[in-house]
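Here the structure is a predicted model, which means the values were calculated and not measured. Throughout, a chain's letter reflects where its sequence line sits, starting with A, and its residues are numbered from 1.
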Amino acid sequence: MSMETNITLTVNGSVVTLEAPPAARLLDVLRERLGLTGTKEGCGEGECGACTVLLDGVPVNACLVAFGQCDGREVTTVEGLGSTAHLTPLQEAMVTEGGAQCGICTPGMLLSAEALLREEPRPTEPQIREAIAGNICRCTGYQRIVNAVNEAARRREARS
Amino acid sequence: MSVAGLALHPFSTPKTLDEALALLAERSARAEKTVLLAGGTDWFVERHVAPAEEAGVLPLVVDVSRLDALRGIAVEGETLHIGAAATYLEIRKDARVAARCPLLAATARDVGALQIQARGTLGGNLASGSPAADGVAALAALDATLLLRSIRGARRVPLAGFYTGYRRSVLAADELIEAIEIALPPEGSPFAWRKVGTRQAQAISKVAFAGLAVVASGRLARLGLGMASVAPTVALLPATRALGLSKPLGEVTDADVEQAVLADVSPIDDVRSTAAYRRHVAVRLAQRFFGELRAL
Ligand SMILES: Cc1cc2nc3c(=O)[nH]c(=O)nc-3n(C[C@H](O)[C@H](O)[C@H](O)COP(=O)(O)OP(=O)(O)OC[C@H]3O[C@@H](n4cnc5c(N)ncnc54)[C@H](O)[C@@H]3O)c2cc1C
Ligand code: FES
Ligand code: FES
């Protein structure tokens, strides 16, 4: 029972031990204590998906996870995908297909799509639409994002 | 919000169910508030809407999301046993649930979106007690039994006896929901799951309907119904159930169903819909299910 606790978790492949309040939202710990500001806050209520990260490989809303629930677990944020110099096929496809406009939804969108592609290398359009149904985009009308995920699947297959 | 936002909440991660129950017992004996945190998909939203700091109340947050005793999904004989902290994602991915209880799998696939399904649990759905709870509607149609536990022991409460009013239940302050038990219908039993809302993902339904039937020689041998957002608690539609069981299916008319459903529901106007629309949809959903059963 405490206000600040040491919690050890793996973030983007690195093991980190962090002292932070366990009741704090994972979202705030990522942004404020780890400087990982790629994870965005839209609604703060689980609706928009801007805060989507992978928890043990599964997309979750970081605004609804307590930091104290992450002990021993693996968190992947957008910073854990490709770097600017080495984009992942999915990131590349988002660029070439015009899947990002203002960009606020993009980090969350990328993580939802990345989780899908890891589980389903050749997803159907309904599977893509279901995978990103929890990520709201006000700019693109979604079709270009769906195209980008399709294209990413093709590029991943071509590379492997 | 920031790290400081929820930071003041004391937090505890019991390692075992016994430890969690002891904590609940101690605190309830001192009249201190405790919040069990499972998926957090209701609790964090409540905190966002009404920060506890402003209300001056800071309950102890107890993480139950990783207690083994609350997690498993198992079939024992003809009973499906679902841990209260099993997530919707685990439920929809479970092959036994898909084969033996497709109604529950369909509901789990329809709660929120994937991110919500990855965290949300039936225990949280039940304990929050929202009249719009989809999981509860499905459990109503399945006539589920809830296994409640405290340091005083365990008790089983049928879902029909769990709620005492709007967001009120028989769950005691020192008690938690350990598991949900479902008497499995025969494989292939007809069921219905319909969610009527503004958008398929995320939107809370205007009306949700779950139905499950066992049909034997033109009559219903078992009928379970559950409806969300048409009454102060998820509705079990007792008059409609009684109607369905009272005579051969071929003799149950649409007019009978309309009359029974209207006796069973008491919807309200709210931000999501109107009472009139909900009454209309409630009747149609039930009529359609009876139509499907008659056509078998
Ligand atoms: C964007 C969004 C979409 C949603 N869509 C839907 C939807 O389509 N349909 C729907 O029905 N709901 C929906 N919900 C609501 C929510 O996801 C569900 O009610 C979910 O089942 C809550 O479970 P949880 O584990 O996250 O609960 P938590 O938030 O962890 O807990 C909720 C309450 O239950 C109590 N509790 C939790 N576990 C137990 C237990 N084992 N014993 C006793 N008490 C317990 C907690 O103390 C707390 O008071 C949605 C929520 C969001 C944010
Ligand atoms: S900020 Fe988490 S879902 Fe919108
Ligand atoms: S690109 Fe602007 S919200 Fe999606």
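- If you measure heavy-atom distances from B:Thr13 to chain A, the contacts under 4.5 Å come from the side chain alone.
- When the heavy atoms of residues 119-141 of chain A are compared with those of chain B, the residues falling under 4.5 Å are A:Glu119, A:Glu130, A:Ala131, A:Ala133, A:Gly134, A:Asn135, listed by number.
- Closest non-hydrogen pair, A:Gly68 versus B:Phe11, comes out as CA-CE2, 3.9 Å.
- With contacts defined as side-chain heavy-atom distances shorter than 4.5 Å, the pair B:Thr41/A:Asn61 does not qualify.
- Enclosure of atom CZ in B:Arg168 is not indicated, since only 12 or fewer non-hydrogen atoms of other residues, nucleotides or ligands lie within 6.0 angstrom.
- Of the two parts of A:Ala66, the backbone and the side chain both hold a non-hydrogen atom closer than 4.5 Å to a non-hydrogen atom of chain B.
- Surrounding CZ of B:Arg71 are more than 12 heavy atoms belonging to other residues, nucleotides or ligands, all under 6.0 Å away.
- Using a 4.5 Å heavy-atom cutoff, the side chains of B:His48 and A:Arg25 are in contact.
- Counting heavy-atom pairs under 4.5 Å between each of A:Val65, A:Val58, A:Val29 and chain B puts A:Val65 at the top.
- Using a 4.5 Å heavy-atom cutoff, the side chains of B:Leu37 and A:Gln69 are in contact.
- Heavy atoms of A:Arg31 lying under 4.5 Å from chain B are absent altogether.
- Residues A:Pro22 and B:His9 have side chains not in contact (no heavy-atom distance under 4.5 Å, counting atoms from C-beta outward).
- The distance from atom CD of B:Gln115 to atom SG of A:Cys63, rounded to the nearest 0.5 Å, is 9.5 Å.
- Between B:Val45 and A:Glu47, the closest side-chain pair of non-hydrogen atoms is not below 4.5 Å.
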